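Written below as structure tokens is the structure these notes are about.
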Amino acid sequence: MPPLKLRLAALRLLFTVVVTCSLFCDIAKADDPYRFFTWNVTYGDIYPLGVRQQGILINGQFPGPDIYSVTNDNLIINVFNSLDEPFLLSWNGVQNRRNSYVDGVYGTTCPIPPGKNYTYILQVKDQIGSFYYFPSLAFHKAAGGFGGIRILSRPLIPVPFPDPSGDFTLLIGDWYKFNHTDLKAILDKGHKLPFPDGILINGRGPPNTASLTFEQGKTYRLRISNVGLQNSLNFRIQGHKLKLVEVEGTHTVQNTYSSVDVHAGQSLSVLVTADQTPQDYYIVVNTRFTDPVLTTTGILHYANSNHPVSDPIPGGPTIEIEWSLNQARSIRTNLTASGPRPNPQGSYHYGMINTTRTIRLANSAGQVNGKQRYAVNSVSFVPADTPLKLADFFNISGVYRVNSISSSPTGGGIYLDTSVLQADYRAFIEIVFENNEDIIQSWHLDGYAFFVVGMDGGQWTSASRDQYNLRDAIFRSTTQVYPKSWTAIYIALDNVGMWNLRTEFWARQYLGQQFYLKVYTASTSLRDEYPIPKNALLCGRASGRHTRPL
Ligand SMILES: *[C@@H]1O[C@H](CO)[C@@H](O)[C@H](O)[C@H]1NC(C)=O
Ligand SMILES: *[C@@H]1O[C@H](CO)[C@@H](O)[C@H](O)[C@H]1NC(C)=O
Ligand SMILES: *[C@@H]1O[C@H](CO)[C@@H](O)[C@H](O)[C@H]1NC(C)=O
Ligand SMILES: *[C@@H]1O[C@H](CO)[C@@H](O)[C@H](O)[C@H]1NC(C)=O
Ligand SMILES: *[C@@H]1O[C@H](CO)[C@@H](O)[C@H](O)[C@H]1NC(C)=O
Ligand SMILES: *[C@@H]1O[C@H](CO)[C@@H](O)[C@H](O)[C@H]1NC(C)=O
């Protein structure tokens, strides 16, 4: 007989299931609170760089509304697609544990047809921190449709800093005056993406100005995400220090920086104290590793002050790689702080676990049939006619081949395929990203966070392991790889599903620099993977089938 407490919990669970679960749960997560969202996705006029553009709005907003949640909440997001083309939202950094069906990328989830709606049922399980959502199809991300996601700690689980007086989302990113269909057409014709026109802070670039208001003496949290299409960005505030406290769900060692690099797709939180003379200060964001350098300023305003900003705009790093690498190495996990659970983040000793497999991934660029493509281990991904996850569920053969991408660089020319790499559930693996190109790279894995154990210039060899950080490496979901350099990560494959591994350089992602990591088990237990959602959209060769037996 289970202990009384457990039996009561089971009863309560049953009760909640009966009361609240018509659509949402044939899975035992009903004990946790629900948050409901209704979103209408439309086109609308926006003027981020002072000229009119057609933006993708959510409930009339650009950027879209923030999602506020608490660890373990169920998010029920009913998305109405009022665009004239298929649309999908994905959740950068949200792990969707045991449930890759709702990941919102085309390999796992069918697009929402124009004029239709679809209800995402997500659980933000065992995560805290700062993330964002974005539109994953076509080149929609260049038009908006993105917004912040914050997952707060449950009450009673300590956060390693005092409650800030305010908590702001800052979405920064490069931006084009071309609209998303024009940018997509450039890529479809086989060209590279041109240089962007500006940088936005919360949807505003010159001549518009984003602004924040602080009260003298108080401390604020800024959740900064780079939602742009490719450029690494440096963020700073004139006269103020940035205390780094969180990176993509991990509480960091609280180092203080005068500026921070945020690479494409990355998120982090800093604390800023309004400890200077009351006046306005510049918030500055500039592109890294580019020539020319694009810069945008916003304003940090002290309440009760009417002193304008004083020039000059403070300078920051621009092309220096070493500076960025040193900062990256200084970003570490605070081992004694709690994460989403009460136990300290350092209680999982990743450095003591033997890896069972090494996967080496090299990015490349080149032409296929006279058109620009980008590849991983020589394979340039092409979408199949059916989401891969649905092909698996319905046993539809011929959609993709397992291990259609090699687990180390082949050195051969680029070719097209629907690349899927299979790995075993519960394996503990090492992935080495090898960047032999002279651009900076940024890689993201859905469904997971990983330990960034090392990065350095030159070619990775097994001797590079000697310099790995096996103690307090940062645990995140997006990592940069410097030009002609490597980055190594460790991952515990504890989340069954079909997970997109992609570059965050959106043109490269669109032109094939991505694949799916299929984390496989023969088990069909609900403890390992949830069933396909009852309401899953079906498309391609899965059209007309049924998610449940009739
Ligand atoms: C979405 O917005 C459009 C434009 O404002 C409107 O016509 C449509 O009725 C809205 N749909 C929903 C479901 O609210
Ligand atoms: C993008 O701009 C082109 C003109 O350059 C226009 O034909 C097209 O309709 C626009 N697309 C959207 C989605 O605004
Ligand atoms: C579409 O929206 C309606 C009205 O809110 C809702 O009842 C229905 O379940 C939604 N459909 C899907 C597939 O989510
Ligand atoms: C790590 O977190 C602990 C526990 O909250 C805190 O007391 C300590 O100051 C933090 N250490 C650093 C270096 O940030
Ligand atoms: C890891 O591998 C080493 C060397 O093969 C072995 O001595 C050690 O016991 C292994 N550790 C674990 C935790 O399996
Ligand atoms: C797919 O094949 C497996 C194994 O043969 C079987 O158990 C399962 O019921 C099949 N699924 C569908 C939807 O037909």
Side-chain angles (χ1 to χ4, degrees), residues 20-25 34-41 59 74-82 86-89 101-102 104 109-122 128-129 153 156-164 219 221 241-247 249-257 268-271 329-358 426-430 462 465-466 468-475 490 492 532-539 542-543 546-548:
T20 60
C21 290
S22 50
L23 171 64
F24 313 130
C25 23
Y34 283 78
R35 285 176 199 262
F36 295 87
F37 303 81
T38 305
W39 282 359
N40 189 6
V41 180
N59 292 352
N74 294 293
L75 309 182
I76 314 300
I77 308 172
N78 190 355
V79 179
F80 287 80
N81 176 11
S82 304
F87 184 79
L88 258 188
L89 285 175
Y101 290 108
V102 295
T109 318
C110 293
I112 309 171
K116 301 282 188 214
N117 67 304
Y118 175 68
T119 307
Y120 288 92
I121 302 164
L122 314 174
I128 47 147
S153 188
L156 304 179
I157 298 188
V159 171
F161 47 88
D163 242 7
T219 297
R221 179 174 185 168
K241 295 285 183 209
L242 309 173
K243 185 191 270 188
L244 186 74
V245 292
E246 179 252 338
V247 169
T250 298
H251 287 134
T252 60
V253 167
Q254 293 176 11
N255 296 326
T256 295
Y257 301 97
L268 53 80
S269 293
V270 293
L271 297 181
R329 286 182 175 144
S330 73
I331 297 176
R332 289 171 293 127
T333 296
N334 180 337
L335 298 177
T336 58
S338 304
R341 289 167 178 258
N343 52 324
Q345 295 179 137
S347 43
Y348 182 71
H349 300 282
Y350 71 92
M352 317 250 290
I353 307 170
N354 289 333
T355 55
T356 48
R357 183 175 179 188
T358 296
R426 296 197 192 287
F428 188 78
I429 67 169
E430 173 187 45
S462 56
R465 292 184 176 125
D466 296 345
Y468 283 4
N469 176 353
L470 297 181
R471 195 176 160 270
D472 60 358
I474 192 69
F475 185 61
Y490 279 180
I532 187 170
K534 273 184 197 160
N535 68 342
L537 292 169
L538 301 178
C539 56
S543 301
H546 299 279
T547 58
R548 296 291 180 280

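Only heavy atoms go into these numbers, but all of them, side chains included; no hydrogens, no water, no symmetry mates. All ligand and atom numbering here is 1-based and tracks the order in the structure. The structure presented is a predicted model; accordingly, all values stated were derived computationally and were not measured.
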(message) Which of the numbered atoms in ligand 4 are under 4.0 angstrom from any heavy atom belonging to V253?
(response)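 Here the atoms of ligand 4 in question are 13 (C), 14 (O).
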
(request) Would you mind listing which atoms of ligand 4 come within a distance below 4.0 Å of any non-hydrogen atom of T336? (result)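 Answer for ligand 4: 1 (C), 2 (O), 3 (C).
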
(request) Apply the test side chain to side chain donor-acceptor pair (under 3.5 Å) to residues D466 and Y468: give CA-CA distance (whole Å), side-chain angles for both, the deciding distance (0.1 Å), then the verdict. (result) CA-CA 6 Å; D466 296 345; Y468 283 4; over 6 Å; no

(request) Not counting sequence neighbours, which residues clear side-chain hydrogen bond (donor to acceptor under 3.5 Å, both in side chains) with S338? List them please. (result)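 Not a single residue meets the side-chain hydrogen bond (donor to acceptor under 3.5 Å, both in side chains) criterion with S338.
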
(request) Answer yes or no: does an N/O atom from Q254 fall short of 3.5 Å to an N/O atom of ligand 4? (result)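 N/O-N/O distance below 3.5 Å exists for this pair.
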
(request) For ligand 3, indicate whether the residue N78 contacts it via side chain, backbone, both or neither (heavy-atom separation under 4.0 Å). (result)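 The side chain, only.
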
(message) Suppose I only count heavy atoms of N117 and a 4.0 Å limit; which atoms of ligand 3 are within that range?
(response)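 Listed by number with element, the hits are 1 (C), 2 (O), 3 (C), 8 (C), 10 (C), 11 (N), 12 (C), 13 (C), 14 (O).
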
(message) For ligand 3 and N535, I'd like to know whether there is a polar contact (N/O to N/O, distance under 3.5 Å).
(response)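 For ligand 3, there is no N or O atom that lies under 3.5 Å from one belonging to N535.
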
(request) Sorted by first residue and then second, give each salt bridge (Lys or Arg N to Asp or Glu O under 4.0 Å) pair with at least one member in residues 338-351; sequence neighbours left out. (result)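 Those involving residues 338-351 are D126-R341.
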
(message) F80: which residues meet the ring-ring contact (aromatic ring centres under 6.0 Å, His included) condition with it, sequence neighbours left out?
(response)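 For F80 there are no ring-ring contact (aromatic ring centres under 6.0 Å, His included) partners, ignoring immediate neighbours.
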
Exam field: side chain [X] to backbone [Y], donor-acceptor pair closer than 3.5 Å:
X    : Y    : answer
E246 : L268 : no
T547 : K534 : yes
N59  : T38  : yes

Exercise answer, ligand 5 polar atom pairs (N/O) under 3.5 angstrom:
unit_1   : atom_1 : unit_2 : atom_2 : d
ligand 5 : 2 (O)  : N354   : OD1    : 3.4
ligand 5 : 2 (O)  : N354   : ND2    : 2.4
ligand 5 : 11 (N) : N354   : ND2    : 2.9
ligand 5 : 14 (O) : N354   : ND2    : 3.3

